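On a predicted model such as this, the values are computed, not experimentally measured, just so you know. In each ligand, atom 1 is the first atom listed, and ligand 1 is the first ligand listed.
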Amino acid sequence: MAVIRNIHPLDRFLRPERLPHMWCPGCGIGIALSAFLRAVNELEEEGRIDSRKIVFVTGIGCTARASGYVRFDAAHTPHGRAIPYAMGVKLANPDLIPVVFSGDGDIVGIGGNHFIHAARRNMDMLVIMVNNMIYALTGGQVAPTTPEKIYTTTTPWGNPERPFNAVTLAWIAGANYVARWSVTHPELLKNSIKKALLMEGFRFIEVLSICPEVYGRHIGFRSPVELYTHLRKVVKIRGKIRPLETEYDWERGITLGEFVVRDEPGFVRRLMEVVKGGKA
Ligand SMILES: Cc1ncc(C[n+]2csc(CCOP(=O)(O)OP(=O)(O)O)c2C)c(N)n1
Ligand code: SF4
């Protein structure tokens with residue numbers, strides 16, 4: 001009798017030989033990755049994207065391990081350097097669609113300067129920043145996104161720093177698209193990724209995620225469900241709100257939504273205009 005295997009529609013985007021993955025039970029990274037894969041799958045089924053053009057670029061961290069599990073052309077680059085790598089990909093072959101998928105430490109910590117300048121240039125790429133509010137892979141040090149007063153291994157009395165609001169940062173630096181979602185609302189995230197994938201210029205999507213093993217456990221959450229439930233209470237979906245008005249506070253709330261949709265020419269288009277306008 002023939003063996004019938006159930007093939008999941010997303011299997012074609014994964015490398016089963018690299019599984020099982022290294023993420024802890026209850027980690028939010030898988031939800032974020034699955035939203036991305038579902039977005040690509042739907043766009044391809046609708047005939048609006050060719051997934052073979054996607055180049056999936058990560059830095060270093062728990063989130064960044066995703067590049068090993070996906071079946072795209074992928075690169076696992078040094079910590080903080082995913083954005084310049086993606087920029088090189090786009091400039092070498094403007095037909096490609098670079099997608100950076102990395103952690104908050106990678107994108108706005110060590111890679112913060114690359115982030116600002118890629119947004120300023122309106123560099124053609126989609127950046128998905130999985131924000132678990134901590135340096136997770138290395139054991140829970142404070143990140144530039146760690147909310148105020150939160151205990152981390154390097155802020156044992158509570159975080160005295162003011163965190164970045166990455167939404168405001170991306171907007172002010174010049175990104176064409178800026179949104180913040182959460183693993184508690186994966187369908188909204190998937191729809192936003194679909195939209196951003198089809199745009200030009202710098203597109204930034206922050207995804208609030210849960211790290212139950214480090215962030216959650218260190219501040220007293222006893223299970224992934226407890227942390228997930230808390231995050232669900234913290235996030236507030238708001239439409240038609242300016243990036244400056246978005247909140248980023250573990251107590252008062254964190255604003256979710258789509259905050260910037262601009263149609264400015266991306267870097268590649270501007271570059272081509274300059275080159276064609278010159279004498280060469
Ligand atoms: C140049 C450099 N500095 C420091 C490290 C150590 N390091 C590895 S991952 C990481 C932080 C990871 O945090 P984040 O980017 O937020 O990803 P997460 O693990 O939370 O998903 C650090 C500091 C490194 N690998 N390379
Ligand atoms: S340490 Fe945290 S972010 Fe890393 S895999 Fe475990 S739960 Fe996920």
Using the salt bridge (charged side-chain N to carboxylate O under 4.0 Å, His left out) rule, take K149 and E251 through it: C-alpha gap first, then chi angles, then the decisive distance, then the call. CA-CA 10 Å; K149 301 193 189 118; E251 300 298 327; over 6 Å; no
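For ligand 1, the protein residues placed under 4.0 Å by at least one non-hydrogen atom are I60, G61, C62, T63, H79, G103, D104, G105, D106, I110, N132, I134, Y135, A136, L137, T138.
In this structure, Y215 has its ring center at least 6.0 angstrom away from the ring center of F221. Aromatic rings from F115 and F202 are positioned such that their centres are separated by under 6.0 Å.
Under the side chain to side chain donor-acceptor pair (under 3.5 Å) test applied with R180, the options N165, N131, T255 reduce to a single match, N165. Each of V100, V55, V99 was compared with V89 under the side chain to side chain contact (heavy atoms under 4.5 Å, CB included) criterion, and only V55 meets it.
Taking NZ from K240 and CD from E245, the interatomic distance works out to 13.5 Å, rounded to the nearest 0.5 Å.
Listed by first and then second residue, the side chain to side chain donor-acceptor pair (under 3.5 Å) pairs involving residues 16-26 amount to none (not counting sequence neighbours).
Side-chain polar atoms of S192 and Y177 form a donor-acceptor pair below 3.5 angstrom.
Partners of R232 by side-chain contact (heavy atoms from CB on, under 4.5 Å), not counting sequence neighbours, listed by chain and number: T184, H185.
Protein N/O/S atoms found under 2.8 Å from atom 2 (Fe) of ligand 2: C211 SG.
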